[in-house]
Protein chains: 2
Amino acid sequence: MSSTVGDQPPRRATLRDVAQLAGVSQSTTSRALSGEGYAGADVRERVLAAAETLGYVPHAMARSLRKQDSQTIGVLVSDLQNPFYADLAAGIADAARRAGYTMMLTDDQGSAEAEMHAAQAFVATRVAGVILTALSGDVVEYLLRQHVAVVEADRQFAAGRCDAVVIDNAGAARRMTEHLLELGHRRIALFVDETAWTTGNARSEGFREALTHGGVAWDDAFVVQAGWDAALARTAAIDVLARRDHPTAIFAVNNLLAEGVWRAASDLGLRIPEDLSLVSFDDSRWMSMVTPGITAVAQDAVAVGRAAVGRLLERLGDRGCRRRPRWSTPR
Amino acid sequence: MSSTVGDQPPRRATLRDVAQLAGVSQSTTSRALSGEGYAGADVRERVLAAAETLGYVPHAMARSLRKQDSQTIGVLVSDLQNPFYADLAAGIADAARRAGYTMMLTDDQGSAEAEMHAAQAFVATRVAGVILTALSGDVVEYLLRQHVAVVEADRQFAAGRCDAVVIDNAGAARRMTEHLLELGHRRIALFVDETAWTTGNARSEGFREALTHGGVAWDDAFVVQAGWDAALARTAAIDVLARRDHPTAIFAVNNLLAEGVWRAASDLGLRIPEDLSLVSFDDSRWMSMVTPGITAVAQDAVAVGRAAVGRLLERLGDRGCRRRPRWSTPR
DNA sequence: TCGAAGTGTGGCAACGTTGCCACATGGCGG
DNA sequence: CCGCCATGTGGCAACGTTGCCACACTTCGA
C-alpha cells in the first residue's frame, strides 16, 4: 500500500520476492526450491509457480558466499588461437558443463604477467579449482600456496605436488623417431619449442633415446630451438634445409613448428616426403589436407581436457553427481 | 589467548584478518586497500603490509554481492574447435582482460538446450553482460527479459533490440561473386549453412544480387544446404560436382564448408583453380597452405571479438578506465 | 490424558564486502 | 574560550543465500 508505485522495478527478483508472492518465509522458499529439507507439497507448488512468474534465477554468488563453495573452475591456457589449446578448452568446457560447473577461461599470450593476473582473478573468484597449461612453476606454486586445487594439463611444473594430465611424450617421440630410422633416415633434425617445459624436454629425450639406440650419432646442430610460432620456425627451417648436409627428415614437436617447417619446404620447392620427411606432434586438420600428408602423433586434446576435469572433480571429492535444479528451464 | 591452537588455518585470509593484523577496523582496511575514502599514510602502509603477509586476495563474489555489480562477462559461442569461434573468443578474452573483466566462456555444440543452460548460468552469476553467437532468437529474448546487456556477434537475431557486431556479409558476398563472374564463371554453386541465420541469409542475398546484376540466371539446384560440418559438405559437394553440368566455381559461406568442398575436389581429382574455383568466407590458415590456394574473405574474428567487448563496455557505461588494485602482484 | 515422535514452518545469524553515518581528534578564527 | 572545519577512523547495516535451531501442529502409543 505504502510501497512506491514504480511500474516495473528493473531489479532482479530475489528469494524474498518469491517468498512474499508465495506467502511463505524465505527459509521455506529456499528449501522448496533447493529440495533440501522439508517442504509441503502444496507450498512447494506455490513457491515454484511464484518463482516461475517472477523469472527467478538464484544468485550464484550469494549462494557461493553462503555455502563457501563455488561451481566454477578456472581454466588458463596459452593461446586460444592454437587449435591444440582450443581443443583442450573445448574438452574442459564439455566435461565441466556435464558436471554442473561453469568455466572461467583466459589465455595468457605467453606472458607470465598475464598468467599471474589470471591466477589472481581465479583466487579472487574463489574458483573450486584450476586447470592450466603453465608457463613456469610460479603460478602453480602461487595457487598451491593459496590452497587452490590445481591440475596441470599438457605439461608439468609441479610434479608430485599436484595432479597432472600428460601424455607419454618421451615414448611417443621415441616411437616416432624409430619410425624415421626404419625408413632409413640418418640425418634427422629436431625442432623444439621450450626445453624448460616437460613436453619439449620429454620429447627431446625420446628423440635422443631412439637415436642412441639406433646407433645414430647425436648432432647438436640438428637440434633447433625454433621459437614459439610458425614464422620463426619457418625461418629456422629454411636455414637448416639450405645447408649442404641438410637433414632428410624433420621432427617438429608441435603443430606450429610443423607448419613452419612445411612452409619452409614449400618455399624451397622441397617435396614431402620425397625430398624431406616431416613428422609432428599434434595432429592438425591441415595436415591431412596438405598435398602428400604428414605423419603426426595424434594428440586428443579434447580427451586431455575431459580427463583433467575428471581429475579435478575427483580431487574435489565431487563424484559428479550434481543435482539438477528444480525449476524448469524458461521458454 | 583463548583462540584455538590450530597451526595453520586452511581458511583463506579475509578482510577481517587483515584488519586485525594491522590493528585497525575493517572499514579502514577496506578504504586503504581500495583507495576510496580517507586513509592515513601510515595506516595504509600497515594495512598493505598485513595484506601482503597474509596473502590476502579480496573475495570478488562478496564484493560483487555488496556492490551489486560484476566484473565478469559471459561469452557463448557455437564451437570452440572451429577456428572462427576460437579467434572470436581470443579477441574477447584479450579485450576483456585489458578492461579488467574476467570471462565466463561456454560453447553450445549447436545444442539449443546447452545454449539456454549457459544463458541461465550467466544470469545466475549476474554477469555484467553477455556476448554471444546465438542459435536462434530465444536465448537473446530470454537474456533481454532478464535485463542483461547483450551484444550479438557474427550473426543477429534481435536486430534493433540489442547491440551487434557483424560484418557486411551481403556486400562481401556480392564482391566475391562478382569476382567469380569476372573470371568468366557462369555456373556457380553456393554452399550455405543456415539460411535462418543473418550470416547465411545475407551472404546468399549478396550472391543472388551479383548473379542477377551479372545477368546469370538463378538456379536453385546450385544452392546447396550443406549442413553444419565439413563431412556433410564433402558429401554434398561430391554429389554436385558429379553432375553433368557441374558448377565451375563454388562459393562456400564458411571455413567448414570450404574444407568439405576442398576435400571433395581432392577426392574427385579436381584441381583448384584449373578445374574448379573455390572461394570462401573465413580465411583459415590451411587455405594458404593447400596447394594452389583458395580465395577467401578474410574475416578478422579477433577484431570482431574486441569490437564486441567495446560495444558491451560502452553499453555498460564503463569507459574502460578501471583502477588497478593497490596490492602488488605476488612473486 | 499426557508425552513423544513426526511433520512442517519461520526466525535469525552468518558468509566477506562496502558505504553511509557518526564520532574523535587537532588546528583555527571569531 | 567556544564552536567549526578538516582529517581520519570505527560501527553498523545491507547485498541474497542457506542452515541451524526453535516452535507449532498433528498423530500415535502408553
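Residue numbers start from 1 in every chain, and the chains themselves are labelled A, B, ... in the order their sequence lines are given, proteins ahead of strands.
In B:Gln109, the CD atom is crowded: over 12 heavy atoms of neighbouring residues, nucleotides or ligands sit closer than 6.0 Å.
Sorted by first then second residue, the salt bridge (Lys or Arg N to Asp or Glu O under 4.0 Å) pairs that include residues 13-25 of chain A, not counting sequence neighbours, are A:Arg11-A:Asp17.
Distance B:Arg31 CZ to C:dC21 P: 14 Å, rounded to the nearest Å. If you take CG of A:Asp42 and C1' of C:dT9, they are 12 Å apart, rounded to a whole angstrom.
In terms of the side-chain contact (heavy atoms from CB on, under 4.5 Å) criterion, residue partners of A:Ala86 (sequence neighbours excluded) are, by chain and number, B:Ala86. Qualifying side-chain contact (heavy atoms from CB on, under 4.5 Å) partners for B:Ala121, counting only residues two or more places apart in sequence or in other chains: A:Thr102. Looking at residues two or more places apart in sequence or on another chain, you find a side-chain contact (heavy atoms from CB on, under 4.5 Å) between A:Thr28 and A:Val24, A:Ser25, A:Arg31, A:Val43. Remark: A:Ser111 engages A:Glu113, A:Ala114 in a side-chain contact (heavy atoms from CB on, under 4.5 Å) (not counting sequence neighbours).
The side chain of B:Ser27 sits closest to D:dG10 out of D:dG10, C:dT9, C:dG10. In this structure, the nucleotide among D:dG11, C:dG8, C:dC12 sitting nearest to the side chain of A:Tyr38 is C:dG8.
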List, with names and distances, any nitrogen or oxygen atoms from the protein found under 3.5 Å away from nitrogen or oxygen atoms belonging to nucleotides 13-17 of chain C.
| unit_1 | atom_1 | unit_2 | atom_2 | d |
| --- | --- | --- | --- | --- |
| C:dC15 | O3' | A:Gln68 | OE1 | 3.4 |
| C:dC15 | O3' | A:Gln68 | NE2 | 3.4 |
| C:dC15 | O2 | A:Arg66 | N | 3.3 |
| C:dG16 | OP1 | A:Gln68 | NE2 | 3.4 |
| C:dG16 | N2 | B:Ala62 | O | 3.4 |
| C:dT17 | OP1 | B:Tyr56 | OH | 2.7 |
| C:dT17 | OP1 | B:His59 | N | 3.3 |
| C:dT17 | OP2 | B:Thr14 | OG1 | 3.0 |
| C:dT17 | OP2 | B:Leu15 | N | 2.6 |
| C:dT17 | O5' | B:Tyr56 | OH | 3.3 |

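Checking the phosphate oxygens (OP1, OP2) of C:dT9, no side-chain nitrogen or oxygen of A:Thr28 falls inside 4.0 Å.
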